[in-house]
S.K.: 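The following block contains the structure, expressed as structure tokens.
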Amino acid sequence: MRPSPATLDRLAAVVGEAHAIRDPAGMDGYMREWRQIWVGRSPLVLRPSSTEEVSRILAIADETRTAIVPQAGNTGLCGGQTATEAGNEVVLSLDRMNRILSVDPANNTITAEAGVILKSLQEAADAVDRLFPLSLASEGSCRIGGNLSTNAGGLNVIAYGNARDLCLGLEVVLADGRVWNGLRRLRKDNTGYDLRDIFIGAEGTLGIITGAVLKLFPKPRSRETAFIAVPSPQAAVDLLSLMKDMSGNRVVAFELIADLALQFSVRHAGVRHPLAAAAPWYVLAELADPAPDAMAGVLEAAMERGIVSDAAIAQSEGQRASFWSARELISESQKPEGGSIKHDVAVPVSQVPRFLAEADAAVSAFLPGARFVSFGHLGDGNIHYNISQPVGMDKQAFLDLWNGMNDVVFAVVQRFGGSISAEHGIGRLKAHRMTAIKPPVELAMMRQLKSAFDPNNILNPGRVLPPEYLS
Ligand code: FAD
């Protein structure tokens, strides 16, 4: 139901007209996300500057049954942060709540408002000689409230865990406007249920995160980064074990890249091929604070075993950056190759090779000529299983196969006891997929949580749990 003009005026009054956007041109950037897949409409975008304002907004929204869509950096890939096309939902942007509240190097914590950009958090940690290890290609735009709400993963999960593992405390505004101040800086606190974890990964459906206490780590004093050619995904898995063992578990990144993915980066993003000759697969691996020449030792042992055919170890920060750009520009480089159907899946690390073989066979049977642009965080068993259209196929005809392709891939994922959304979340994109897959008892617990925390279903309705599922 569209909020009445009187309700919109009450909501706007909380933040002041200067921060309540009502004209379509002014709200355009809040209505569409970077892939332009989700483009919404809304009568109002609110930009509060404090927890107190968020609290007053939600109290009014709950009373008037106004749907609220929280938005942080607007880089989410599942449509959770954009209003629907119906034009009934009010967007609440956290972009003005961007203050770092305190940094405590001795306690290794940083406390920040939810709208702080991830890169700014990393820089604030760096300024006190500490590391905040969450790192994603979108880090210049995404904001910590969004990272926690999606339980973001990224490049260093293998060493430091995902966003959930990096959070000690939260401040959350509940659906009825009450504020829970759980900004605790404690490493140990077994005083009852862990409420913090309920809001992490909830994609704005249970409460609005307004602040967080995050863990900091010592900054690595040295790093070794290698771009490595391997004959197969199984060789890459074997290399991961070897590298962990031989380095004393110093592996902080371990990315798998299919040759076609690297070819796209070279062809379309101006990336320099890091090695002299092409190979079927590559690994981009990084060690932090390794023993002298640890990477060279691992690679030598791996070559003797036949699981590595060639490798280059970065000799400068520039070369390291160039290796990483080969990995980070893959998504962008797929665009000139036509349509791409994406899957963000996870299986146990040991099962990745069999998963890839079975998924490739199933997809080829479904669509002969489909091109596999698989890459991702092998160290976490998380593969971005992206499929580019066959050469010469009509783009729209290919994209029309999206659901059928998902059916084929997710069936293989399920055979391996995997996840259909390893790090990007559910949002609107996968809500029906999730309810079709999860066991009834798990879904019932989720529904009970939703009705306990948001009985009037005003927080991000339709995201995560489909609307018909709640009625
Ligand atoms: P938004 O997109 O604004 O919101 C995401 C969800 O959280 C929405 O459902 C929204 O309603 C909800 N939300 C936002 N703020 C709050 C809040 N304060 N309280 C409650 N709910 C809230 N993700 C990964 O995990 N790993 C990657 O490696 C990765 N790489 C990416 C690379 C690119 C180029 C892009 C564009 C995206 C990538 N992503 C990745 C996805 C995305 O960046 C992450 O999901 C990120 O955590 C979203 O943060 P955000 O601030 O943009 O949130």
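Whatever order the structure lists them in is the order used to number ligands and atoms, beginning at 1.
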S.K.: Under a 3.5 Å threshold, yes or no: a donor from one side chain and an acceptor from the other, between Glu337 and Gln389?
M.R.: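 No, no side-chain donor-acceptor contact under 3.5 Å.
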S.K.: Nearest protein heavy-atom contact for atom 6 (C) of ligand 1: which residue, which atom, what distance?
M.R.: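 Of the protein heavy atoms, Thr150 CG2, 3.7 Å lies nearest.
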S.K.: By number and element, which atoms of ligand 1 are closer than 4.0 Å to a non-hydrogen atom of Ala152?
M.R.: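 What qualifies from ligand 1 is 25 (O), 47 (O).
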S.K.: How far is atom 2 (O) of ligand 1 from its nearest protein heavy atom, and which residue and atom name does that atom have?
M.R.: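 Nearest neighbour among protein heavy atoms for atom 2 (O) of ligand 1, to 0.1 Å: Gly76 N, 2.7 Å.
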S.K.: Output all residues satisfying side-chain hydrogen bond (donor to acceptor under 3.5 Å, both in side chains) with Gln448, sequence neighbours left out; order by chain, then residue number.
M.R.: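 Scan of Gln448 (side-chain hydrogen bond (donor to acceptor under 3.5 Å, both in side chains), adjacent residues dropped) gives none.
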S.K.: Could you tell me the residue and atom name of the protein heavy atom closest to atom 23 (N) of ligand 1, and the distance to it rounded to 0.1 Å?
M.R.: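 For atom 23 (N) of ligand 1, the nearest protein heavy atom is His424 CD2, 3.5 Å.
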S.K.: Is a salt bridge present between Arg41 and Glu89, judged by a nitrogen-to-oxygen distance below 4.0 Å?
M.R.: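 Salt bridge between Arg41 and Glu89, a charged N being under 4.0 Å from a carboxylate O: no.
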S.K.: Looking only at protein heavy atoms, which one is nearest to atom 22 (C) of ligand 1, and how far off is it?
M.R.: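 It is Ser149 OG, 3.1 Å.
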S.K.: Which protein heavy atom lies closest to atom 41 (C) of ligand 1, and at what distance to 0.1 Å?
M.R.: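 The closest heavy atom on the protein side is Thr75 O, 3.7 Å.
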S.K.: Under 4.0 Å from any heavy atom of Trp34, which atoms of ligand 1 are there?
M.R.: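 Answer, ordered by atom number: 36 (C).
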S.K.: Has Asn147 got any heavy atom lying under 4.0 angstrom from an atom of ligand 1?
M.R.: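 Yes, that is the case, since the closest heavy atom of the residue is under 4.0 Å from the ligand.
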S.K.: Roughly how far, to the nearest 0.5 Å, is CD of Gln71 from OG of Ser42?
M.R.: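 Reported value, rounded in 0.5 Å steps: 10.0 Å.
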S.K.: Are the aromatic ring centres of Tyr385 and Phe355 under 6.0 angstrom apart?
M.R.: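 Yes, close enough.
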S.K.: Would the Tyr282 and His273 ring centres measure less than 6.0 Å apart?
M.R.: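 Yes, ring centres under 6.0 Å apart.
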S.K.: Is ligand 1 under 4.0 Å from a heavy atom in the side chain of Asn460, in the backbone, in both, or in neither?
M.R.: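 Within the 4.0 Å criterion, Asn460 contacts ligand 1 through side-chain atoms alone.
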S.K.: Which atoms of ligand 1 have any heavy atom of Gly207 under 4.0 Å away?
M.R.: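 Numbered from 1, ligand 1 contributes 20 (C).
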S.K.: If only side-chain N and O atoms count, and only distance matters, is there a donor-acceptor pair under 3.5 Å linking Asn386 with Gln334?
M.R.: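 Indeed, the side chains of Gln334 and Asn386 share at least one donor-acceptor pair under 3.5 Å.
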S.K.: Could you tell me whether ligand 1 has any atom less than 4.0 Å away from a heavy atom of Gly154?
M.R.: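 Yes, Gly154 has a heavy atom closer than 4.0 Å to ligand 1.
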S.K.: Looking at Ile208, which atoms of ligand 1 are within less than 4.0 Å of one of its heavy atoms?
M.R.: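 Numbered from 1, ligand 1 contributes 19 (N), 20 (C).
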S.K.: Hey, is Gly427 one of the residues with a heavy atom under 4.0 angstrom from ligand 1?
M.R.: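 Checking ligand 1 against Gly427, which is what was asked, there is no heavy-atom contact under 4.0 Å.
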S.K.: Does the ring centre of Phe217 sit less than 6.0 Å away from the ring centre of Phe132?
M.R.: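 That pair fails the under 6.0 Å test.
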S.K.: Verify whether one side chain among Thr64 and Arg10 offers a donor that lies under 3.5 Å from an acceptor in the other.
M.R.: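 Absent: no donor and acceptor within the cut-off.
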S.K.: Tell me the protein heavy atom at minimum distance from atom 1 (P) of ligand 1, and give that distance in Å.
M.R.: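 Of every protein heavy atom, Asn74 N, 3.6 Å lies nearest to atom 1 (P) of ligand 1.
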S.K.: For ligand 1, which atoms sit closer than 4.0 Å to a heavy atom of Ala137?
M.R.: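 Counting from 1, the qualifying ligand atoms are 32 (C).
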S.K.: Between Leu134 and Tyr160, is a side-chain contact (heavy atoms from CB on, under 4.5 Å) present by the stated rule, with each step listed?
M.R.: CA-CA 8 Å; Leu134 188 66; Tyr160 299 99; over 6 Å; no
S.K.: Show me which atoms of ligand 1 lie under 4.0 Å from any heavy atom of Glu203.
M.R.: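 Here the atoms of ligand 1 in question are 9 (O), 11 (O), 12 (C).
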S.K.: State the atoms of ligand 1, each with its element, that fall below the 4.0 Å cut-off from a heavy-atom position in Gly146.
M.R.: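 Close to Gly146: 14 (C), 15 (N), 47 (O), 49 (O), 50 (P), 51 (O), 53 (O).
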S.K.: Give a yes or no on whether the ring-centroid distance for His424 and His343 is below 6.0 angstrom.
M.R.: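 Judged by ring-centre distance (under 6.0 Å), His424 and His343 do not meet the cut-off.
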S.K.: Nearest protein heavy atom to atom 25 (O) of ligand 1, by residue and atom, and its distance?
M.R.: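 That would be Gly153 N, 2.9 Å.
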S.K.: For atom 11 (O) of ligand 1, which protein heavy atom lies nearest, and how many Å away is it?
M.R.: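 Closest protein heavy atom to atom 11 (O) of ligand 1: Pro70 O, 2.6 Å.
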